[in-house]
Amino acid sequence: MTGNEIRKSFVDFFKSKEHKHFESASLIPDDKSLLLTVAGMVPFKPFFLGEKEAPFPRITTYQKCIRTNDLENVGRTPRHHTFFEMLGNFSFGDYFKKEAIEWSWEYITKVLKLDPERLYVSVYKTDDEAYEIWNKEIGVPEDRIVRLGEEDNWWAAGPVGSCGPCSEIYYDTQNMGKNNEEINCKPGDEGDRFLEIWNLVFTEWNRLEDGSLVPLPEKNIDTGAGLERIASVVQKKDNNFETDIFMPIIKGIEKVLDIKKEEFEITVKVIADHIRASVFLIADGVLPSNEGRGYILRKIIRRAFGAGIVAKQKLDITKDDLFLYKLVPYVVENMKEAYPELVEKQEYIEKVLRLEQERFALTLKNGIEMLTEEIEKMDKEGTKKLSADASFKLYDTFGLPFELTGLILENQGYEVSEEEFNQKLEEQVKRSKNSRVTVSDMIKDDFIDKFFEEHGKTEFTGYEKFKDEGKILHIAKSEGISGYEVIFDRTPFYAESGGQVADTGIITSGEFEGKVVNVVKKHDVFIHQVEIVKGIAPSVGAEVKMKIDADRRKDIQRNHTATHILHKVLRENLGTHVEQSGSLVDDEKLRFDFSHYEAIEPEMIEKIEKAVNDIILSNLKVKIDFENIEDAKKRGAMALFSDKYGDVVRVVEIDGYSIELCGGAHVKSTGEIGLFNIESESGIASGTRRITATTGHKSLDYVNKLEEKLRKVAGMLKTDGKNVVDVVEKYIAEAKSIVKEYEQLQTKLVKYEINELLENVDEINGVKVLKAAFTNKDVNELKEIVDRGKEKLQSGIIILGTNNDGKAIFVVGVTKDLISKVKAGEIVKVAAQVAGGNGGGRPDFAQAGGKDGNAVKEAVDKAFEFVNEKL
């Protein structure tokens, strides 16, 4: 079976067991405690937490994941990857151990047709129930079942909270490949013989603070099976890289780089793994940066690029050497069956990779320059070995692969210890392991669970009504905030969700009046935060009248519908790589965050703004309906990758223009939005842009304020609004003319100053040295003096300093015939250190600064003494 066939067979098998198939979620998780989706259960955490009701009791999926904790092992072992796929089946309060075990065995032996004689099982040391199912019902012999302790076979959310035993399925790889000849070992022992291919987690306990375990009200199943590992077993390959999941990509690497895997095995594996991870990260909206998930992407791109450069043994990198983007088609072709969105985003992914490689080419240049400095230091110290600190700094700070460092040194007759470098690397790996984030869920909110079981979900009527009546089902004094938390049987108040803020308004009951200041939703239960305006808080069972702030809601609806239009316009004008990565919709403005790799030019901003307004002025009908999700997707409905949907979804369609899955409130036609005005466009993170805009009344207010500012400026310039630009341009032209005249005068003054300065040139062993200290001298003037002084002297050294408002500035020039004796960078460093600064520069010219401007004369004299010693 191919990788694609295994993936499909898994989903089809569990669909036959009444599981709902969910497409893979994004690698960017909703969970703010995680940078990336690191396991198959991550997208389902809200269901385990009770934050959202699971739309189906049984779910199956294949989930793309990224882990970089063992980055250094990629390519060196048969199974380590940064990007991998996890096959999973989940139960939320439905089936439990018996079915999970039976179905995993049925799939492995009947569908994958793996030899039962090669399968071993582990259970938690006291989990007799799982042991009995495996032994008595499945028929796994006792000698192929092992009991393991908490380290191997117990899953926990943390010191307290939900937890439970695990059961793992292993495949005996003995005689299949290298290092698998451990005759007497068993699952859980050190060695490579037993390969774990499936993990079943039985979440059934709640651990209390005293350490005791009490049963959870709902027992859940969370399983994970690594696609790459299963493929290696099914296809009878020694390691994952030999499977059809990787081999087409590896063939592409060999072709693009013109190398053979046999000669560069680790290099090719690293590139194959990293290019897959890079492609999927970029497709999901991550862009290279120096922090967060962007840093992870940048690191793996640069490791892959550096590995290829080492393989080609090329240090003078040109644009022709940028190879990673050329591998994208091989990844897309191999993965498009499961991830068709890659085809649409291929061109964008290639562009991002090409731009990052161009940037890294400069970084490599800087790293090689730093290595050159280290070589100069070794020459002075009389050693031929680069220190481990330096080799690791080159790798960690400058991104220079160790292999490349070694190659450069070897070519020039130097050496570096790989063992010492690896020791530094191991220290970093340990630090990384210590800082790992544990994927966990938390104990469910017992109150909400019980409330939901008794009353069910809150009926939301706010799509159709701004007023309603309901009954209080729960009321309690709020903790940490003033007022009460109230739950009604029905409500017109929208709870904060999907970027749209909650409604506010008034509730009344007899003499009581309360102000609703916020609404939150948990497990489809709407919790209203209410502040008392007058009267006494009513009791459970009381009937209340509810009225939302209608004007505020209408402004919110204008902004929300405008975000849908903006999203579509951005994709039409910037490219289909644009995806929503966050939003905030309130009554004041809309804020829309989206994936894009560069700032948007003002002309394009204007074009986008006009396009949105064109749709608004077309007064298109906004149709909202519920329909089958598959039908909606066939019609082109956009959905957020991170969201999970049931079979029936709410579809918001702007007639003939856009269609999205959305639970928010919207206008009935686009004309209600009024004027759409973009206030700002900015970057909020690498690869993520933000547009802030207004609609309706707020746009009108914004325009009125701009007109008022224009009138004020016109008044200051003694003109009217129509002529402001002409008058400003006139003043700017006059100012430029004055500045130009000033610069010309300064140049003339410098000529006279040079002649005066040259009358006081010192001479050291036949070398002319000009030194001078000034007050409030422009740095450009100092540079001009240096350049003209060199011309006049023909051969010599110039040391200048100035005290500018208490700050020191130094400029040093050395004619090229003298740089073998003393370098400008060395001289300027001496001067800067006297004035509380530091610096360096080229051998023939250098500039530096210092904190103490009063020390300029002393610093120049000290630099002169240094030159005297050198000459």
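Residues passing the side chain to side chain donor-acceptor pair (under 3.5 Å) test with Lys17, sequence neighbours excluded: Glu106. Taking Lys351 as the reference, Tyr597 meet the side chain to side chain donor-acceptor pair (under 3.5 Å) condition, with sequence neighbours excluded. Checked against ring pair (Phe, Tyr, Trp, His ring centres under 6.0 Å), Phe10 has the following partners two or more places apart in sequence or in another chain: Phe14, Tyr107, Trp198. For Arg690, the side chain to side chain donor-acceptor pair (under 3.5 Å) partners two or more places apart in sequence, or in a different chain, are Asp593. Residues meeting the side chain to side chain donor-acceptor pair (under 3.5 Å) test with Asp94, sequence neighbours left out: Arg58.
In terms of modelled atom types and a separation under 3.5 Å, the side chain of Thr491 and the main chain of Phe493 share a donor-acceptor contact. Proximity of a side-chain donor or acceptor of Thr670 to a complementary backbone N or O of Leu620 within less than 3.5 Å is detected. Of the possible polar contacts, none joining the Lys621 side chain to the Asp655 backbone as a donor-acceptor pair under 3.5 Å is found. Between the side chain of Arg490 and the backbone N or O of Gly470 there is no donor-acceptor pair closer than 3.5 Å. Checking side-chain atoms of Tyr348 against main-chain N and O of Val578 turns up no donor-acceptor pair under 3.5 Å. Asn677 places no side-chain N or O within 3.5 Å of a backbone atom of Thr694 that could act as its donor or acceptor partner. Between the side chain of Glu454 and the backbone N or O of Phe451, no donor-acceptor pair lies under 3.5 Å. Counting only distance, with no hydrogens or angles, the side chain of Ser24 and the backbone of Gln63 share no donor-acceptor pair below 3.5 Å. At distances below 3.5 Å, at least one donor-acceptor pair connects side-chain atoms of Gln500 with backbone N or O atoms of Ala665. Side-chain N or O atoms of Ser595 include one that pairs as donor or acceptor with a backbone N or O of Glu579 at under 3.5 Å.
Taking CZ of Arg558 as the start and CG of Leu590 as the end, the distance is 13.0 Å to the nearest 0.5 Å. We find the NZ-CD1 distance between Lys623 and Ile654 to be 11.5 Å, quoted to the nearest 0.5 Å. If you take NZ on Lys607 and CG on Leu574, they are separated by 9.5 Å, rounding to the nearest 0.5 Å. How far OG of Ser26 is from CD of Glu341: 9.5 Å, rounded to the nearest 0.5 Å. Considering CD1 of Ile691 and NE2 of His596, their distance stands at 9.5 Å, rounded to 0.5 Å. Between the CD1 atom of Ile527 and the CD atom of Glu485 there is a distance of 6.0 Å, given to the nearest 0.5 Å.
Residue Glu572 qualifies as enclosed at atom CD: its count of foreign heavy atoms under 6.0 Å is above 12. By the 6.0 Å contact criterion, NE2 on His697 is open, its count of non-hydrogen atoms from other residues, nucleotides or ligands being 12 or less. In this structure, Glu5 places its CD atom where more than 12 heavy-atom neighbours from other residues, nucleotides or ligands lie under 6.0 Å away. In Glu606, the CD atom is not crowded: 12 or fewer heavy atoms of neighbouring residues, nucleotides or ligands sit closer than 6.0 Å.
Between Phe90 and Phe44, the two ring planes are tilted [angle within 30° to 60°]. Classification of the His567-Phe592 ring pair by plane angle, with boundaries at 30° and 60°, yields tilted. Aromatic ring pairs are classed by plane angle as parallel below 30°, tilted from 30° to 60° and perpendicular above 60°; the pair Tyr95 and His19 is tilted.
The heavy-atom pair separating Glu653 from Gly656 by the smallest distance is OE2-N, 4.4 Å. Closest approach of Pro538 and Ile472 over heavy atoms only: CG-CD1, 3.5 Å. Nearest approach of Val667 to Ser669, heavy atoms of both residues: CG2-O, 3.2 Å. A pairwise comparison of heavy atoms in Ala632 and Val651 identifies CB-CG2, 3.9 Å as the closest pair. Across Cys662 and His560, no two heavy atoms sit closer than the pair SG-NE2, 3.5 Å. Contact between Ile556 and Asp587 at its shortest, heavy atoms only, is CG1-N, 3.5 Å.
Between Lys467 and Pro492, the closest side-chain pair of non-hydrogen atoms is not below 4.5 Å. Side chains of Glu85 and Phe280 form no contact here, defined as non-hydrogen atoms less than 4.5 Å apart. Looking at Ile475 and Ser539, their side chains never come closer than 4.5 Å, going by heavy atoms from C-beta outward. Within the 4.5 Å cutoff, the side chain of Phe594 has heavy atoms near those of the Leu570 side chain. Side-chain contact between Ile548 and Tyr494: absent, with no pair of heavy atoms (C-beta onward) separated by less than 4.5 Å. A heavy-atom distance below 4.5 Å is not found between the side chains of Val516 and Thr504. The closest side-chain heavy-atom distance from Asp489 to His455 is not below 4.5 Å. Residues Glu99 and Ser91 fail the side-chain proximity criterion, which asks for heavy atoms closer than 4.5 Å.
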- Stepwise side-chain contact (heavy atoms from CB on, under 4.5 Å) check, Thr37 with Lys64: CA-CA 8 Å; Thr37 299; Lys64 49 193 174 185; over 6 Å; no

- Task: Output, in order, the C-alpha distance, side-chain angles, deciding distance and verdict of ring pair (Phe, Tyr, Trp, His ring centres under 6.0 Å) for His666 and His564.
- Result: CA-CA 10 Å; His666 292 272; His564 285 222; 4.5 Å; yes

- Message: Is there a side-chain contact (heavy atoms from CB on, under 4.5 Å) between Leu700 and Leu675? Walk through the geometry before answering.
- Response: CA-CA 7 Å; Leu700 183 59; Leu675 174 64; 6.0 Å; no

- Task: Just do the side-chain contact (heavy atoms from CB on, under 4.5 Å) check on Val652 and Val622 with the steps written out, would you?
- Result: CA-CA 7 Å; Val652 177; Val622 178; 4.0 Å; yes

- Task: Let me see the working for Phe676 and Ile615 under side-chain contact (heavy atoms from CB on, under 4.5 Å), right down to the final yes or no.
- Result: CA-CA 10 Å; Phe676 174 84; Ile615 297 299; over 6 Å; no

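Salt bridge absent: Lys698 and Asp701 never bring a charged side-chain N and a carboxylate O closer than 4.0 Å. Checked for salt-bridge contact, Lys8 and Glu337 miss the test: no charged N lies under 4.0 Å from a carboxylate O. Remark: Arg635 does not engage Asp631 in a salt bridge, criterion side-chain N to carboxylate O under 4.0 Å. A salt bridge between Arg553 and Asp503 is present, with a side-chain N of the basic residue lying under 4.0 Å from a carboxylate O of the acidic one.
Listed by first and then second residue, the salt bridge (charged side-chain N to carboxylate O under 4.0 Å, His left out) pairs that reach into residues 658-681 are Glu681-Arg689, sequence neighbours excluded.
A ring pair (Phe, Tyr, Trp, His ring centres under 6.0 Å) with Tyr62 is found for exactly one of Phe22, Tyr339, Phe84, namely Tyr339.
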